[in-house]
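In this text, all values refer to a predicted model and were calculated from it rather than measured experimentally. Every chain is numbered from 1 and lettered A, B, ... according to where its sequence line falls, protein lines coming before strand lines.
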Amino acid sequence: MKIFLLRLCLGLLVLQLTCPYYTTAQNAPAGRETRIPLREAIERIEKKFHTKFAYEHGLLNGKTTTEKALEGGSVEEVLKNVLYPNNLLFLYVSDNAYSIVARDARFFQGNQQPAMGVASVQQPTGEVGRALHGTVIDERGAGLPFVSIWVKGTRKGTQTGDRGEFSLSGLAPADSLVFTFVGYRTETVGVGGLMSMIVQLYATNKGTLDEVTVVSNGLQQLPKERATGAFTTISGKTLEKIPSPNVIQRLEGQIPGVKVNIISGDRSFMYTSGNQLAINSPQHTIARNDYGITIRGTGTLAAETYPLVVVDGAITDLDISAINPDDIENMSFLKDAAAASIWGVRAANGVIVITTKKGHSNQAPSISVSANATVSERPNVAYLRRMNSAQELGYEKELVDRGFLNANNLGPDVYSAAYYPAPGSVLALNLKSGAITQAQYQTSIDSLKAIDNTSQIQHYILRPATNQEYNLSVSGGSNTSTYYYSASYSKEDAFARRTQGQRLTLTMNNSWKLFKVATLSTNLRGSFFNYVNDGLAVNSLFPMNNPNVLMPYMNLADNNGKGISYNRLNPAFTQTLPNAFVNWQYNYLDEQANNDDVQKDNNYTASVNLNVPIWKGISGSVQYTNERSFSNHRVYYDPQTFYYRNLVNTYTDPTTTTGQNGLGINNNGGILSLVNTNTNNYALRGQVAYDRNINLIHQINAIAGTEIRQTQVGQGTNSLYGYNTSTGFSIPVSYLSSAYPSIYGYRMSIGGSPTQADQRRRFLSYYGNFAYTLMGKYTLSGSARYDDYNNFGLDRKYRATPLWSGGLKWTLSHEDFMKKIAWIDNLDVRATYGVNGNIGLNIYPFTAIGLTGNDYQTGLPGASINSLANPELRWEKTYVTNVATDFSLFSSRLSGSVDVYRKKGSDLLYTFPINAAYGGTINNGTLTRNAASMTGKGVDVGLNIVLLNDKRFSWNMGISFSYNVNKITENRFDTSSITAYYTSYMPGLISYVKGYAMDKLLVFRNAGLNANGLTRVYNRNGDTVSVASPMYFADLKNAGHTIAPYFGSWNTTFRWKGFSLYALVTYQFGGVFLKPSVSNYITNYYQANYSVSGDIAQRWQQKGDEVRTNVPGLNGTGTQVTYSLYRYQYSDINVLSSDYLRLREVALNYELPVALISKWQVKGASVGLAVRNPGLLWKANKQGYDPDFASYPNGGYSLPASRSYNMSVKLNF
Amino acid sequence: MQYRSYLLLLLLLSMGCKKYVDIKTQGTLVPGQLQNYRLLLNNSSNFEVSPAITDYASDDVQYVDGSAQQQGMLSSDYYGWLPRTYSWQAVVYPLTGFYYQDPNWSFLYNTVTYANVIIQEVPGVPDGTADQKNELIAEALVHRADAYLGLVNTYAKPYASASAATDPGVPLILKETTTQSLVRNPVAEVYQQVLTDLRAALPALPVVQAYNMFPTKAAAYGVMARCFLYMNRYDSANRYADSALSYRSTLNDLSTLSTITYSNYPLRKSDPEILLSKVVASYGISAYTPTAMRLSDTLLSVLKPNDQRYVLFTAGASTISSLYVAAGGRYFYKDRELGEARNTGVSVPEMMLIKAEYYARTGDAASAMAWVNKLRVRRFTAANYVALSAVDADDALVKVIQERECEFFCRMLRWWDMRRLKSESRFQRTVTRVFGGVTYTLDPSGNRYVLPISPYNLKLNPEIQPNP
């Protein structure tokens, strides 16, 4: 060992590997020609080929070449002719940009030409069977891993390592080495007297864009030709086509089997529901309302559904928005068990592996600068289809006439805050009670009817969304180190005015060769967010649970642009209050102006990886990753805000004569509410890898490792009362019960007492993965992982679980009988089977006792039982079978893959109801058991078609098609388990039924209205059923899937010279959605929550209306009206198809000719114009809904994305 | 050489990690510590429960048909239980409604579940002394006994010595389980279990606790006295009432008060009258629209306006809502005045009236009235107080029962008394009420003195025998 190491070190010290190039057997140009200075020749090459060269000052001095050498078809050919005789080499930097460097003088004695273009050092003669070290690089100069190398005519061989390096021993000078790699031209190089060599391989077909040859599972790289699992890799180049600051938008439709739902129309990295991490949630909480991503559907009922994200080999718990998309070299999606089970207990949802960009060795600094700006069209409030003012007022009048709103709503007390009705209702109530005359009522109503606040909402609340993004990156490398540094800044304005986000990301990726053999890599990333949530979100204007709905006749501003104040309590009550009380009205525009809600997130990730070759293909690596985030959410309630005024009024005795509010705070200070969330996660991993090619027959890639991982989340909240922003002073308050007088007459405590919670979780894992390939044709793979998690139980038998996979692959195209078929370039079939895990982070096999804080009566510390002891709890398991084929035909003009899979989830966690006699009210009368099971199946198809490919034109097409459905197979979900209430009134909320998909939509068969305007439905026999009669499961109709089972995309790139045009169309088929309609009717005075749905205008109002409408009326008891509306909502007449074809993106890009820009030292420049969301090309529903944005006005979702325009500029130096 | 150290590091990493994941997370307690169970008992909302909707079934309450309050009850399914209980329906929580879970059943069994966890797990806890453990177990036993007494008086027939051994009671769950059959144990067994738990608890119970939520010896004796009273075993009831009173016999003096607020009247947790604080399960303060309890004519015939309990604990319709003025009447208001739910747990006055009843039933009218007057002197202003006397034992018993109405109205015990007294001919009465134009009757021989077990619970466990 010692001697070997010594030799290795020595050898490498002597041999500097600096000069990658490849040459064909091109002879030196003939002599006796006119010599021209090399500098002049280079300038001519620059002009001729529109290339750009970088070289050291003085490097070309005194060197010459010939005219003849300048002849040649390709720039590479000419450069070889010109440079090699001068002992100069060229390095590819980027398209049309090269750097010129000198060959190390020591490599060449005198004029000796390298044989076969291989840099060499003459070996001292006499030694037999010496070693040779080398590197295989691609056209860009990057090391190529997994290249097979064998000694011609023998079975001796090896393969290159991660960075393309290899070594062979026992070579004779007469030997030739054959280098083969799928997708690249095979090269043969004589060994001669060389001790080292650098071999460059060229791709066979440049037309196959972004052909993936190496896939990564995050822990190791595998040659795609030997991977058995379902990997899909997307390159950074493809991702660049969609200019969004968050990679999630760039992924939509791109990967077969991966469904990305963009629910937010106007945001990319700032989220509607805030970005607060929920400390006790078992699930990924950030951005749940803005986007969703699933890999091959959902496989769990209650546990985590978000895929695991791995960045440069380390699990990240940050949201994906923390990654600058321009830093991404490529992303791999691990979809089946063979691909993902190496990640153990969280792999059941699939794994997203992100590899960030690195510098290339021997690369002059390359600088890339880009900027882009997006502006959208105005959001369209009309999409919400609200009633107009006259219709809304008519609805309110009917509510009053029918007594659903009554004198109670005008109760002159503090409780009116909960049910003081809208202005139109107040008028109607006053008319009914006789407080105003019919004439007075009519005058007021007529003036309200004339108002339509749509334009005011558009003008005061909303604006076009905008986005700006700036990127800078520098990368390069020497022969011993590489670097990639980048910085990006983005700023976006959401639809809501005063809602804005900023993001800064910094990335530093370095790697060093230590002692010539070991590699030390470091990744440092920082992402810094600043969110300002001061705007009024559209859905906040239409709350679901209180009467404070912005009615269409309620203007926001008067004629002078001054905000209008509205009553939230009965003015007959507030007017009687003493002067200690402040104004209790609500003014939308003042609120918007006074909001002060800022969240600042700082995230840091540092990762260090040391990789050391140990012995004959064995290498060891250690990786340590630390991810920290600091989030500070600060909301300041100015004394002018409604929150502040409401609070101080609440804590004031209505009989006070002091003129002071009960909290003792005055207008010099507001209320500051703080939430600080910190995370500190680390992982330490040791891994041994074995990569070896034995006699060209056996090829082995194997890893084994162990990892410890800890996640720690701390969250503290605090409130400061009377906080003065200029002095920083606040007043001390008491959080004791009954500390303060209240408007209710009794004393109350105030909220906001400081809290702190900490969660720490630990994982210990052992894992291994191997792939064995026989003769390059037959591959066998396997993986196993054993996970142990602290919260899952006291006893290891509960908390640890083994997960495994196995796979087979047969590369048919490598068989002799297939080689005759010329049009098949590559064809293989593969099959895998294995099990992935999933965990619920908040369930326990023992009686889980959780602290509940201090008892509200005694103040003593208390606890409650979070879950009953359930010793049978296990991890969820998903068994995945995947059968697939990969193909490349007609010289790679048609390539792609088809995967067919089946998933079987068992031991799935679900909370089933149990009798309170066993469990009381614990978990609301439910018990979580590993009792559910489901199956899933699907097909993923990815196709790449090269229609045209020559120097001036190219035309490519990519097609992605996915099919995914699932079915509940658990007996406990039989139809008898469904509560009659749901089958009778809420079939859409029936959770799971055996034999049905998770995303089924059950509805009633609508039979129109009865003579009283109440909904009738058909039962199974076709008889009409009235509201009062129950319905049973058999009476319901399965309307289909709410998640479209067929989805995917079609994209095309057409290039002509420097212009390229890209279009992306996404589609989905086979799904349904419920038409947004009336969310509720008011049926009792204390739940005055107004719906503003336009459908209300169509409601039944008098006898005979039942012939013209299906929308039920208000004619009945509260319960009847409510149930009648439920039956209408969940009716088949409201089911619409969600099929659509969406033109998501059209982008035109122009690459400036190098000749044009080279005088400014620019190597590449491009400008782009893109239109995002041009619209739906086709949709199945005729009502004009965008199925991705089918929300009730009070539905809590944002407005649909409006068309936006993006302009971008990119420069490379 | 460095490579070897890396190798060593790798080896180190892969070994010695078994302890790594043996950590616990904040906020979740790992079993095995006595303190956990103390904390469970401290969480009063899990133990301080009693069945309560029965107040609406009792003759304490009477609504005016067609009134605004009645309309309010019908406005939402949320209040569906109220009219259904008021009109003694055979189903109170129908499956076709959104509110199909019976909170009375759930909350009482929740107490049983918590108690079972403590009773079963505490003995195995490695830390703590035997005395400490026994005290926790004793407290849990008292709570479990009280919960079963509540369950059996809600979902089973009143105790009758002749049939108690066969009348279906409620399922007795005495250990942690999710699988035991829920076949109903006979009424006699349930009562026996209550007594067994209380007897087992007594030796380890403390004499004094910081708050009334925590069982003391007095509390256990009090529950035992109540249990025997509803078993019609007046001598035992009297004996244990004595025991309870020997620990605590203080009465609040209402004679000098003109209004009550939280500052001049003790809250439940420290009210000296209360031996063991219990509140209505899940429903909280009653005196809001539309759940406010409008006092019946029957009650107002015994609870006179000069009674301080009328003055202090009730309010006029206008106080509840201006809309209720039209229907008039008087409403129970004590809980809203104090801002906390009404107590239904055993109390000093209850012990005194148990004693009074014992004497009345054993023919000692004078002693009976002495105990009644001992209470009444604190319930009237000095000006209004008149000592009661009885002509004979029967008269004394009637006066004792009337005093119970005045003392416990709208606090669960009236319904329990109606149940036990319906088999005594002199107290037997058919209650009728009109709701929504329909007249309902509560026949002493009918089934409606027993609350139905909800269809939801019957569906989950079909072995539960439904009430007719």
Against chain B, label [X] side chain, backbone, both or neither, depending on which of its atoms sit under 4.5 Å from a heavy atom there.
{"X": "A/F404", "result": "neither"}
{"X": "A/L927", "result": "side chain"}
{"X": "A/L989", "result": "neither"}
{"X": "A/N406", "result": "side chain"}
{"X": "A/Y1085", "result": "side chain"}

Out of [options], return the one with the most heavy atom pairs under 4.5 angstrom to chain B.
{"options": "A/N915, A/L860, A/N1084", "answer": "A/N915"}
{"options": "A/Y744, A/Y415, A/Y982, A/Y1086", "answer": "A/Y1086"}
{"options": "A/T1117, A/T1083, A/T979", "answer": "A/T979"}
{"options": "A/A407, A/S864, A/G1118", "answer": "A/S864"}
{"options": "A/D413, A/T921, A/T1119", "answer": "A/T921"}

Side-chain donor-acceptor pair under 3.5 Å between [X] and [Y], yes or no?
{"X": "A/R762", "Y": "A/Q710", "value": "yes"}
{"X": "A/S765", "Y": "A/E707", "value": "no"}
{"X": "A/Q687", "Y": "A/Y767", "value": "yes"}
{"X": "B/S454", "Y": "B/N457", "value": "yes"}
{"X": "A/D855", "Y": "A/Q857", "value": "no"}
{"X": "B/N212", "Y": "B/R268", "value": "no"}

Using heavy-atom distances under 4.5 Å, tell me whether [X] contacts chain A through its side chain, its backbone, both, or neither.
{"X": "B/F47", "answer": "neither"}
{"X": "B/I464", "answer": "side chain"}
{"X": "B/Y79", "answer": "side chain"}
{"X": "B/S270", "answer": "neither"}

Sort out for me which of [options] touches chain A most, counting heavy-atom pairs under 4.5 Å.
{"options": "B/S321, B/G339, B/A68, B/S106", "answer": "B/S106"}
{"options": "B/D77, B/L74, B/T178", "answer": "B/T178"}
{"options": "B/Q71, B/K459, B/E176, B/E337", "answer": "B/K459"}
{"options": "B/Y211, B/W105, B/F107, B/Y114", "answer": "B/Y114"}

May I ask you to decide if B/V112's main-chain N or O and B/Y148's side chain share a donor-acceptor pair within less than 3.5 Å?
no

Quick check against the 3.5 Å criterion: does B/K278 have a side-chain atom that pairs as donor or acceptor with the backbone of B/P51?
no

Just checking A/F912: does its CZ atom have more than 12 heavy atoms from other residues, nucleotides or ligands closer to it than 6.0 angstrom?
yes

Report the residues that fulfil ring-ring contact (aromatic ring centres under 6.0 Å, His included) with B/Y78, sequence neighbours left out, ordered by chain and then residue number.
B/Y99

Would you please test B/E340 and B/K269 for salt bridge (Lys or Arg N to Asp or Glu O under 4.0 Å) and show each step?
CA-CA 10 Å; B/E340 62 169 27; B/K269 61 181 175 185; over 6 Å; no

